[in-house]
Protein chains: 2
Amino acid sequence: MARPPLARERVLDAFEAILIDEGGRAATLDAVARRAGVSKGGLLYHFASKDDLAAGLVDRLDTLTDADLERMADSPEGPVTYYIRTSVMEDDALDRAIVATTRLAQGGSAIATAGLDRSRRRWAAAIRPHVRDDAALDLVMLLSDGLYFNNSLAFEPGAAAEDAADLVPTGAGLARLIDLVLRTTTRAPEDPEPASDEV
Amino acid sequence: MARPPLARERVLDAFEAILIDEGGRAATLDAVARRAGVSKGGLLYHFASKDDLAAGLVDRLDTLTDADLERMADSPEGPVTYYIRTSVMEDDALDRAIVATTRLAQGGSAIATAGLDRSRRRWAAAIRPHVRDDAALDLVMLLSDGLYFNNSLAFEPGAAAEDAADLVPTGAGLARLIDLVLRTTTRAPEDPEPASDEV
DNA sequence: GTCTATATAGCGATAGAC
DNA sequence: GTCTATCGCTATATAGAC
């Protein structure tokens, strides 16, 4: 680890913050440097190009994913509950890295797309042993993706924070949703033979 | 409707295509005009500004949402199955409009964010009567969002089309997922829920 | 390691011919 | 209704002083 230069982290924080608060188009080198309290030249000393800045954000996502996988494995509530519960935007370091990287990916950054894909596969692999079958795994993963998708839209400049409240379940609503998912994905099915014929 | 000028539609198609294929940053007026086979001046006759171009895309999304709500209401498989099934990217007009608008929203376009939010609320209102409770509605909506999120990432330049295949269920896997969701959301619960009093 | 100044190119938008 | 030409601005990136 050998803690990286502080200015470098501050630049990365600023990049992340602008991506989240104002969207991908606003995240210019000028804007990032200003927010980080350095000059553009100072920024470019730490990150040689904008692509390098994106790579730095993806590195941060990888590191935070490592830590989250450990926390998830140790979680007393179980990996499924932990994963869904922590998929609502709580503005912690991991949430911010995910939303910021998503913004980059949607702008067209290949490295951001690959980084998101990599983290997602690691979470899926860790969760798989704790759910009934592949359909159940799909359900859990997609639900989490949906939560991030909505939270990320809710944080856009066009959306009032109050309006977002009823888009995504929080508190008791989230608890009921998790309960629903747990019943659906972790237990053996009550009716062992679905025998559905429609597609 | 009084069919709009063809060139206008071609420009909108090109805008959509570039957003989907190359991401938000690549969707410049020059690139859109080139792909549509018109000059930049020609483009700007139909859409006075880039914001106006975004507004045109959102209008298209609204219109396609109208049509989809009708199809969903008439669907013999039922609204829930219809909604989930059609949430995988099939490259039809509605899918393309949604993914393209999502790219714009993540770039920071307030009008795109508002448009997505509006369509999502209309779908939610149409589905609500067909599921058990609000938690079930959340599940269905978030699952659909998750499918779009993944499909939109899979279409990014950084992701090979083959790799995307195992990210999102298709065919039989999708059928099993829908079956799982239907059992979870549409039937009366085996254990009758204690009437909860919040929300 | 951080700054200012500057080069270069690309972007959105306008003007005006046809 | 579509074109070419061009303006003014902003973006990324470089050079070189401190």
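Excluded from the calculations below are hydrogen atoms, water molecules and symmetry mates; all remaining heavy atoms, backbone and side chain alike, are included. Only a predicted model underlies this, so the values are computations on that prediction, with no experimental measurement involved.
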Participant: Any salt bridge between A:Asp21 and A:Arg35, counting N to O under 4.0 Å?
Facilitator: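 Here A:Asp21 pairs with A:Arg35 in a salt bridge, since their nearest N and O are under 4.0 Å apart.
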
Participant: Given atom CZ of B:Arg34 and atom C1' of D:dT4, what is their separation to the nearest angstrom?
Facilitator: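 Whole-Å distance recorded here is 16 Å.
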
Participant: Hey, can you tell me if A:Trp123 and A:Tyr83 have their rings parallel, tilted or perpendicular (30° and 60° cut-offs)?
Facilitator: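 It falls in the tilted class, 30° to 60°.
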
Participant: Is the CZ atom of A:Arg25 crowded by more than 12 outside heavy atoms at less than 6.0 Å?
Facilitator: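 No - once you tally the heavy atoms of other residues, nucleotides and ligands closer than 6.0 Å, there are 12 at most.
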
Participant: Over how many whole Å does the gap from B:Arg8 atom CZ to D:dG1 atom P extend?
Facilitator: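 Roughly 12 Å, once rounded to whole Å.
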
Participant: List every contact pair, protein side and nucleotides 12-16 of chain C side both N or O, where the distance is under 3.5 Å.
Facilitator:
residue, atom, partner, partner atom, Å
C:dG12, OP1, B:Lys50, NZ, 2.8
C:dG12, OP2, B:Leu29, N, 2.8
C:dG12, N7, B:Lys40, NZ, 3.1
C:dA13, OP2, B:Lys50, N, 2.8
C:dA13, N6, B:Lys40, NZ, 3.2

Participant: Would you call B:Asp13 and B:Arg96 a salt bridge, taking side-chain N to carboxylate O under 4.0 Å as the test?
Facilitator: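 Not counted as a salt bridge, because no side-chain N and carboxylate O are separated by less than 4.0 Å.
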
Participant: Taking A:Arg120 first and then A:Asp145, would you say they form a salt bridge - that is, a charged N and a carboxylate O separated by under 4.0 Å?
Facilitator: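 Between A:Asp145 and A:Arg120 there is a salt bridge, with a charged N closer than 4.0 Å to a carboxylate O.
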
Participant: May I have the distance from A:Leu43 (atom CG) to D:dT14 (atom P), rounded to whole angstrom?
Facilitator: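 Distance, rounded to whole Å: 13 Å.
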
Participant: Does D:dG1 have OP1 or OP2 under 4.0 Å away from a side-chain N or O of B:Tyr45?
Facilitator: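 Yes, B:Tyr45 has a side-chain N/O under 4.0 Å of OP1/OP2 on D:dG1.
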
Participant: Taking atom P of D:dG1 as reference, at what distance in whole Å does atom CZ of B:Arg10 sit?
Facilitator: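 Going from B:Arg10 (CZ) to D:dG1 (P), I get 15 Å.
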
Participant: Throw together a table of side-chain donor-acceptor distances under 3.5 angstrom for residues 47-56 of chain B, partners on residues two or more places apart or in other chains.
Facilitator:
residue, atom, partner, partner atom, Å
B:Ser49, OG, B:Asp51, N, 3.4
B:Ser49, OG, B:Asp52, N, 3.1
B:Lys50, NZ, B:Ala27, O, 2.8
B:Asp52, OD2, B:Ala48, N, 3.1

